[in-house]
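Just below is one structure, and these are the notes that go with it.
It should be emphasised that the depicted structure is a prediction, and the values quoted were computed from it without experimental measurement.
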Amino acid sequence: MAFLKLILLAIVLYTCRELYNLYINYSNARKTGLKIVFSPLDPHSLLWQIGGPAMIPLLKKLPRSMTRWCRLVDMGWSWQSDDDGYRELGLNIILVCTRRNVLFSSDPESILWILQKRKDFIKPEVYESLNIYGRNVDTVNGEEWARHRKLTAPCFNERVSGFVWDESIRQANTMRDHWLSLPAGRLSNLVEDTRIVALHVLSAAGFGVSLDFHKGAREPAQGHSMSHRDALMTVLDNIIPAVIISEMPWAKPLLLGTMKRLSVALSEFRQYMDEMVVQERRNMAKEGGGSKANLISTLIRTSDDAKAEGVNSAVRLTDDEIKGNIFIFNLAGHDTTANTLAYAFAMLALYPEIQDWIMEEITTVLGSESHPEYEKAYPRLKRIQALMYETLRFYGPVPTIPRGVSAPSLPLRISSSSQDNNDPSTLIIPPNTSIQMSLHACHMNPTLYPSPKLFNPSRWIESPSSSSSLDEEVLLPHPLGFQPWSLGPRICPGMKFAQVEFAAVMATVLRKVRVAPASKSEGAGARQAWEEVYGAARDSKLNGPTLSMNRPADLYLRVEER
């Protein structure tokens, strides 16, 4: 009986503490004047990260008034609802939990403010999950970030962009010829193919390893049981279980089925990276330290030079940090670009008039050149860049970005809620508050993008007059509220890498190929094919760390030679 009383007392004390914390957080949140939503769960807790995806479909069957909180804590909420929730509650909303408050924002003024102040608004602990192989430029803060940024920035330069262009054309030529050889021109593995192209471009321009489209990263290398591609994708698609497994090495012998395969993938990809580093150092030694235009050689050279010059060892990267950055390059430079290419091809199939508009530019810029020069062709492919921007506006790889607050009571610039005064104002962020920036909701704001649910790449192009030539067209700068590569000091260093790759692949494929919707069912009509492609693209969610299609095998295209 005494033991039961102790348990009951512990439950009462715990409940009282949680209610007290909830009251304090609520009192702090009220001072902001923003709309408040209560949540019984912390969206940043490990418990929710693991169990949330399974719980959300069940919770959403309850009445909306009871489950508004679960729509906020769902990391894919911004993607699924566009900006509907923010139009209902305001551009800035506070979620009140027992452990913390979370400020959700689709306010372009607030997002710009946050992203420009890296020392005030820091990467939160959730990013530690990406340190599986070592700390890296994407996960660290403060002076450690400055060190990583200084040593990784030289990896992204015009020489590397030239390599990206050339290898993208080579891979895209082979992929296009493969598409044209398909029976009846029916393409059923679009996402698979764009993933291979993106990974092979990264392998060549990033790591100096040239691979064949038909084999390459699909096949295990000597001494491996999994291919480079399979090992990487298994880790990326199961990032949270991968984090747990990496922190519990003692449990590996006990794993079965999918978790055992994930454990093997973690080890296999580490081995691939170890081999890359060792081989690159051998190559550099043979060449007498000669310069090579790829990411890994620049990363190793920059770090080793700092050590050789007698600079304090804190300035260089350890081998684990080199591997950590290689992993983040794979994550940011492979999966995101591959998905953007796949979504763009699907959109061009759905909207043939946009495909014709893009083709007009490709014909003018490339002419009959079999391998156009990067310096001459890339800057003129403005409509293709507009296609990429519009695809990212609709299908940005990261619908939301979390941030922590480095000190209490920081100011936050917000758009005015007054209809008579459009000037931005400032609020003080309450103590114990983290931030969630809803990028996709911002991209669907009708104030920023007229007719935001209309896929319209021409919104990014300005022409002096209706009679202007293509070369007179201007690619408009990113407006306030467009941040698929983030903004400010921590803007994605591989942005140009992705833009060049996208342009080269799209131009190379489309100059000889036309894509159209196709159906899984033989003999289906054009309308059914259109609806199936549209449905497969829209049926997307956060699979792993980035947005991707849930049913990529259900997306069929018809490929025709021009």
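- At least one donor-acceptor pair closer than 3.5 Å links the side chain of E361 to the backbone N or O of R383.
- Side-chain atoms of E167 do not come within 3.5 Å of backbone N or O of V201 as any donor-acceptor pair.
- Between the T194 side chain and the V191 main chain, a donor and an acceptor come within less than 3.5 Å of each other.
- The side-chain contact (heavy atoms from CB on, under 4.5 Å) with W145 is formed by just one residue from the set R147, H148, R149; it is R149.
- Using a distance-only test at 3.5 Å, with no hydrogens or angles considered, a donor-acceptor pair links the side chain of T32 to the main chain of A29.
- With hydrogens and angles ignored, the 3.5 Å screen pairs a side-chain donor or acceptor of H334 with a backbone N or O of R195.
- Among pairs with a residue in residues 444-455, those fulfilling salt bridge (Lys or Arg N to Asp or Glu O under 4.0 Å) read D82-K453, at least two apart in sequence or across chains.
- Aromatic ring orientation, Y378 versus Y374: parallel (interplanar angle below 30°, classes split at 30° and 60°).
- Every ring-ring contact (aromatic ring centres under 6.0 Å, His included) that F269 has, sequence neighbours left out, goes to Y133, H228.
- T546 places no side-chain N or O within donor-acceptor distance of the main-chain N or O of P397, the cut-off being under 3.5 Å.
- Under the rule for a side-chain contact (heavy atoms from CB on, under 4.5 Å), the partners of N141 that lie at least two apart in sequence or sit in another chain are I122, K123, R490.
- Around CZ of R30, the count of heavy atoms belonging to other residues, nucleotides or ligands within 6.0 Å does not exceed 12.
- A503 and Q385 make their closest contact through CB-NE2, 3.7 Å (heavy atoms, listed as atom of the first residue, atom of the second, distance).
- A distance-only check finds no donor-acceptor pair linking the side chain of K323 to the backbone of T318 [under 3.5 Å].
- The main-chain N or O of I326 is found under 3.5 Å from a side-chain atom of N330 such that the two form a donor-acceptor pair.
- A donor-acceptor contact shorter than 3.5 Å links the side chain of E472 to the backbone of S469.
- Residues forming a side-chain contact (heavy atoms from CB on, under 4.5 Å) with P241 (at least two apart in sequence, or on another chain): N238, M259, L262.
- A ring pair (Phe, Tyr, Trp, His ring centres under 6.0 Å) check over residues 380-404, counting only residues at least two apart or in different chains, returns the pairs W79-Y395, Y343-Y395, Y389-W460, Y389-H478, Y389-F482, F394-F455.
- For N25 (side chain) and C97 (main-chain N/O), a donor-acceptor pair under 3.5 Å exists by modelled atom type.
- Residues forming a salt bridge (charged side-chain N to carboxylate O under 4.0 Å, His left out) with E158 (at least two apart in sequence, or on another chain): K496.
- For the residue pair S415/D107, the side-chain donor-acceptor check at 3.5 Å is satisfied.
- In summary, the side chains of N131 and T139 do present a donor paired with an acceptor at a separation below 3.5 Å, with no hydrogens or angles considered.
- In this structure, R459 is not positioned above the aromatic face of Y449 in the sense of NZ or CZ being under 6.0 Å from the six-membered ring centre and within 45° of the axis.
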